[in-house]
Amino acid sequence: MSKITDAFKNGKAFIPFITAGDPSLDVTEQLILEMDKSGADIIEVGIPFSDPVAEGIVIQEADLRALSAGTTTDKIFNMLKNIKDKVNCALAIMTYINPIYAYGSEKFLSNCNECGVSAVIVPDIPFEEKEVLKPACDKYGVEFVSFVAPTSHDRIKMIAKGAHGFVYCVSSLGVTGVREEIRTDISEMIDLVKSVKDIPCAIGFGISTPEQAQEMARYADGIIVGSAIVKICAKYGKDCVPHVAEYVKSMKDAISSM
């Protein structure tokens, strides 16, 4: 059983996202360790990229801060290697295909394996083109996470059939970012996935409050939160760790009661 599968076996999973290197890799290391202690089940570590097409302004600005600070893929892998034996929850890397190609797919997935990374999330690879990365993922034991969105319609069952680890359900049209209200029929999307395959479904894009997390946890197996956490990092900078840890605990507590 993979660490990704383990993350969903004891109730609803909370999956926080952070941008590696924002505000520094030293702080990123502390964030991972403290989020793990605060109840995170899977931690998404974002590799900063100059053109993150799925991201709203909050994560775009975090990427620019991290890149300006000199963050590189090699430095991120070195940081993850340093802490892999200290982290109990699963780790996933979220990035885009360009940084992977530039680094070399084989080398990238091999390093994921060495660093204890259990999954990769690459939003700009359409499901039909997953073979550009999936063989290397299989070779190194890293789950390739598939997306379904409100616009997927008839493709949802096809995507679900070939999905591994968990299905990332996009709650809203557009890019990442905090939203006041989520209007997508999440239950219908998840029902379509589950009708084909018994695989965990985690919802992301737009969730920021414990109340929203609770509502979405009525339907989903996991809750993904990125922009709200990255905003805390931006607000407090190098002093963000306790504030993020407190937030993660509050979100995990909210969905644990479901």
Side-chain angles (χ1 to χ4, degrees), residues 1-18 31-46 83-84 86-94 116-121 141-148 156 159-160 163-172 176 178-179 182 184-229 232 242-258:
M1 184 178 291
S2 73
K3 290 189 80 169
I4 296 294
T5 303
D6 281 347
F8 295 92
K9 72 179 184 180
N10 294 316
K12 307 294 183 176
F14 184 62
I15 307 170
F17 166 93
I18 53 171
L31 282 168
I32 293 171
L33 294 173
E34 290 305 313
M35 290 193 296
D36 181 33
K37 293 176 185 175
S38 298
D41 298 286
I42 301 171
I43 296 174
E44 281 188 35
V45 180
I83 62 172
K84 71 172 187 174
K86 302 176 185 177
V87 180
N88 293 311
C89 71
L91 295 176
I93 280 182
M94 191 280 189
V117 172
S118 300
V120 291
I121 301 168
V142 179
E143 305 276 17
F144 179 87
V145 174
S146 297
F147 285 78
V148 297
I156 290 177
I159 294 168
H164 298 270
F166 69 92
V167 174
Y168 193 128
C169 299
V170 177
S171 69
S172 310
T176 58
V178 173
R179 288 169 172 80
I182 296 170
T184 302
D185 190 344
I186 297 298
S187 61
E188 181 182 4
M189 192 189 307
I190 291 175
D191 285 346
L192 283 170
V193 172
K194 301 280 191 178
S195 71
V196 176
K197 192 169 190 176
D198 183 17
I199 186 170
C201 293
I203 299 177
F205 283 50
I207 300 167
S208 61
T209 68
E211 292 76 21
Q212 285 177 326
Q214 272 192 330
E215 176 64 20
M216 293 297 102
R218 291 172 55 195
Y219 313 107
D221 303 297
I223 302 297
I224 303 167
V225 175
S227 294
I229 293 172
I232 297 172
H243 300 282
V244 171
E246 182 181 6
Y247 177 85
V248 168
K249 185 178 185 306
S250 71
M251 295 294 274
K252 177 62 178 179
D253 287 347
I255 64 173
S256 293
S257 62
M258 300 302 295

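Hydrogens, waters and symmetry mates play no part in the numbers below; they use all other heavy atoms, side chains included. What you see is a predicted model; the values in this text were computed from it and never measured.
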Quiz item: Does Phe147 have any ring pair (Phe, Tyr, Trp, His ring centres under 6.0 Å) partners at least two apart in sequence or in another chain, and if so, which?
Solution: Tyr168

Quiz item: What residues, two or more places apart in sequence or in another chain, satisfy ring pair (Phe, Tyr, Trp, His ring centres under 6.0 Å) together with Phe8?
Solution: Phe166

Quiz prompt | All pairs passing side chain to side chain donor-acceptor pair (under 3.5 Å) where residues 243-252 contributes a residue, at least two apart | solution = Asp41-Lys252, Lys249-Asp253

So do the side chains of [X] and [Y] get within less than 4.5 Å of each other, counting heavy atoms only?
X	Y	result
Ile156	Val167	no
Val87	Leu33	yes
Lys12	Ile223	no
Val117	Val45	no

Can you measure from [atom1] ([X]) to [atom2] ([Y]) and round to the nearest 0.5 angstrom?
X	Y	atom1	atom2	value
Cys89	Phe14	SG	CZ	11.5 Å
Ile159	Lys197	CD1	NZ	12.5 Å
Met251	Ser256	CE	OG	11.5 Å

Can you name the side chain to side chain contact (heavy atoms under 4.5 Å, CB included) partners of [X], sequence neighbours left out?
X	value
Ser118	Lys3, Ile4, Ala90
Ala160	Val193, Val196
Ala40	Pro16, Met35, Ile43, Val248

Please identify each residue that fulfils salt bridge (Lys or Arg N to Asp or Glu O under 4.0 Å) with [X], with sequence neighbours left out.
X	result
Lys84	none
Lys37	Glu34
Asp36	none

Least distance between heavy atoms, [X] atom then [Y] atom:
X	Y	value
Ala92	Ile121	CB-CD1, 4.1 Å
Ile190	Ile203	CD1-CD1, 4.2 Å
Gly116	Leu91	O-CB, 4.2 Å
Gly165	Ile199	O-CG1, 3.9 Å

Exercise. List the steps, then state whether side-chain contact (heavy atoms from CB on, under 4.5 Å) holds for Ile18 with Ile229.
Key: CA-CA 7 Å; Ile18 53 171; Ile229 293 172; 3.8 Å; yes

Quiz prompt | Partners passing side-chain hydrogen bond (donor to acceptor under 3.5 Å, both in side chains) against Lys194 (at least two apart in sequence or in another chain) | solution = Asp221

Exercise. Give a yes or no answer on whether the side chain of Glu143 reaches the backbone of His164 with a donor-acceptor pair at less than 3.5 Å.
Key: no

Exercise. Kindly state each residue pair satisfying salt bridge (Lys or Arg N to Asp or Glu O under 4.0 Å) with at least one member in residues 203-213, sequence neighbours excluded.
Key: none

